[in-house]
Amino acid sequence: MQKKERYKELVEYFSMNYPEAETELVYTNPYELLVAVILSAQCTDKRVNIVTQKLFPRFPTPESLAASTAEEVFEYIRSVSYPNNKAKHLVGMARILVNDFNSEVPNTIEDLQKMPGVGRKTANVIVSVIFNQPAMAVDTHVFRVSHRLGLVPKTAKTPLLVEKQLIKHIPKDKIAVAHHWLILHGRYICVARTPKCSECNLKPFCQAFEKQKFDTPHL
DNA sequence: ATCCCGAGGG
DNA sequence: CCCTCTGGAT
């Protein structure tokens, strides 16, 4: 099957089944989403939501977080992965937010990446979710699922290359929701270790499944 | 033992 | 390119 065809089928299927997929992170403003996404690295959304439930009331604004210390923040986030790094990142991020951006979350990838703890993936989530830009954040799920389905060439070995491929082929108005489609599919069906192909409706369009079928015909 | 909506540093 | 950070769930 041609790549163009895969994209068409993918968009069609997910548009029907998950028309309004969105993040599971709990937040009420751009600042809170930024904090939550920084915390979400190599950590489940559920765990992040548990932590932010107490973190946000203690640090409701960039100013309050900027005025604190990494040591105090650490106590609130110690149950997420890499709590030491993230505590430093959060305080550093808040201070730059206050000092350089008038306490407003900036709306460009470049400005967002000036803050500690904010890499390309996090920046893409913010401009997509908060500022409605056609940006594709490529995390571990998006990367894995894109390769398995055959949406990107094997030569796309970095998240940035995968991002550019997906942006090129997905209709502009579907990019934001497509990000969440790939996340959901990766989280619940096309999981990393043993993908649940028996439950997957994308089999007819999946390159990895096709190849597996060819290698082991009894399946 | 392996993975979870990565980022920073060498 | 590699390595480190390093808690919790399965």
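Only this structure's heavy atoms are used, side chains among them; waters, hydrogens and symmetry mates stay out. What you see is a predicted model, and the numbers here were worked out from it, not measured in a lab. Sequence lines set the chain letters: A, B, ... in the order given, protein chains first and strands last, and positions in each chain run from 1.
- Near DNA chain C, meaning a heavy atom under 4.0 Å away, the residues from residues 167-193 of chain A are A:Arg193.
- The distance from atom CG of A:Leu160 to atom P of C:dC1 is 12 Å, rounded to the nearest whole Å.
- For residues 169-182 of chain A, no residue pair satisfies the side-chain hydrogen bond (donor to acceptor under 3.5 Å, both in side chains) rule, not counting sequence neighbours.
- Nucleotides of DNA chain B nearest to A:Cys43 and A:Gln113 differ in position, and the one nearer the 5' end is that of A:Cys43.
- One finds a salt bridge joining A:Glu163 and A:Arg120 here, because a Lys/Arg side-chain nitrogen approaches an Asp/Glu carboxylate oxygen to under 4.0 Å.
- Using a 4.0 Å heavy-atom criterion, one finds that A:Thr122 contacts the sugar-phosphate atoms exclusively.
- Contact footprint of chain A on DNA chain B: nucleotides with an atom under 4.0 Å from a non-hydrogen protein atom, first to last in 5' to 3' order, B:dT2 to B:dG8.
- Within the 4.0 angstrom heavy-atom criterion, only backbone atoms of the sugar-phosphate kind lie near A:Pro116; the bases stay farther away.
- Closest of all the heavy-atom pairs between A:Leu166 and A:Ser146 is CD1-OG, 3.6 Å.
- Among residues at least two apart or in separate chains, ring pair (Phe, Tyr, Trp, His ring centres under 6.0 Å) pairs with a member in residues 66-86 of chain A are A:Phe59-A:Tyr76.
- Judged purely by distance below 3.5 Å, without hydrogens or angles, the side chains of A:Glu32 and A:Thr52 never pair a donor atom with an acceptor atom.
- For the segment residues 44-63 of chain A, residues with any heavy atom less than 4.0 angstrom from an atom of DNA chain C are, sorted by number, A:Arg47.
- Among pairs with a residue in residues 144-165 of chain A, those fulfilling ring pair (Phe, Tyr, Trp, His ring centres under 6.0 Å) read A:Phe143-A:His147, at least two apart in sequence or across chains.
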Pair up each side-chain donor or acceptor in residues 108-115 of chain A with any protein partner under 3.5 Å, not counting sequence neighbours, and list the distances.
{"from": "A:Thr108", "atom 1": "OG1", "to": "A:Asp111", "atom 2": "N", "distance (Å)": "3.1"}
{"from": "A:Asp111", "atom 1": "OD1", "to": "A:Lys114", "atom 2": "NZ", "distance (Å)": "2.9"}

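- Across C:dC3 and B:dC5, the matching P atoms stand 24 Å from one another, rounded to whole Å.
- Residue pairs meeting the side-chain hydrogen bond (donor to acceptor under 3.5 Å, both in side chains) criterion with at least one partner in residues 37-48 of chain A, sequence neighbours excluded, are A:Asp45-A:Arg187, A:Arg47-A:Ser79.
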Can you give each donor-acceptor pair under 3.5 Å made by side-chain atoms of residues 127-140 of chain A, sequence neighbours left out, with the distance rounded to 0.1 Å?
{"from": "A:Gln133", "atom 1": "NE2", "to": "A:Asn107", "atom 2": "O", "distance (Å)": "2.9"}
{"from": "A:Asp139", "atom 1": "OD1", "to": "A:His141", "atom 2": "N", "distance (Å)": "2.7"}
{"from": "A:Asp139", "atom 1": "OD1", "to": "A:Val142", "atom 2": "N", "distance (Å)": "2.9"}

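- A:Phe14 and A:His185 have their aromatic ring centers within a separation under 6.0 angstrom.
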Would you tabulate the side-chain donor-acceptor contacts of residues 83-101 of chain A under 3.5 Å, counting partners in other chains and residues two or more places apart, or write 'none'?
{"from": "A:Lys86", "atom 1": "NZ", "to": "A:Leu39", "atom 2": "O", "distance (Å)": "2.7"}
{"from": "A:Lys86", "atom 1": "NZ", "to": "A:Ala41", "atom 2": "O", "distance (Å)": "2.8"}
{"from": "A:Lys86", "atom 1": "NZ", "to": "A:Ser81", "atom 2": "O", "distance (Å)": "2.9"}
{"from": "A:Lys86", "atom 1": "NZ", "to": "A:Ser81", "atom 2": "OG", "distance (Å)": "3.4"}
{"from": "A:His89", "atom 1": "ND1", "to": "A:Asn85", "atom 2": "O", "distance (Å)": "3.4"}
{"from": "A:Arg95", "atom 1": "NE", "to": "A:Ala66", "atom 2": "O", "distance (Å)": "2.8"}
{"from": "A:Arg95", "atom 1": "NH2", "to": "A:Ala66", "atom 2": "O", "distance (Å)": "3.3"}
{"from": "A:Arg95", "atom 1": "NH2", "to": "A:Ser68", "atom 2": "O", "distance (Å)": "2.8"}
{"from": "A:Asn99", "atom 1": "ND2", "to": "A:Arg95", "atom 2": "O", "distance (Å)": "3.0"}

Give every donor-acceptor pair under 3.5 Å between a side-chain atom in residues 189-209 of chain A and any protein atom, sequence neighbours left out.
{"from": "A:Asn201", "atom 1": "OD1", "to": "A:Tyr13", "atom 2": "OH", "distance (Å)": "3.0"}
{"from": "A:Lys203", "atom 1": "NZ", "to": "A:Cys197", "atom 2": "O", "distance (Å)": "2.9"}
{"from": "A:Lys203", "atom 1": "NZ", "to": "A:Cys200", "atom 2": "O", "distance (Å)": "3.2"}

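- Contact between A:Leu151 and A:Tyr7 at its shortest, heavy atoms only, is O-OH, 2.5 Å.
- Taking every heavy atom of residues 67-101 of chain A and every atom of DNA chain C, pairs under 4.0 Å involve A:Arg78, A:Ser79, A:Val80, A:Ser81, A:Tyr82, A:Pro83, A:Asn84, A:Asn85, by number.
- Using a 4.0 Å heavy-atom cutoff across all strands shown, A:Val118 reaches sugar-phosphate atoms only and no base atom.
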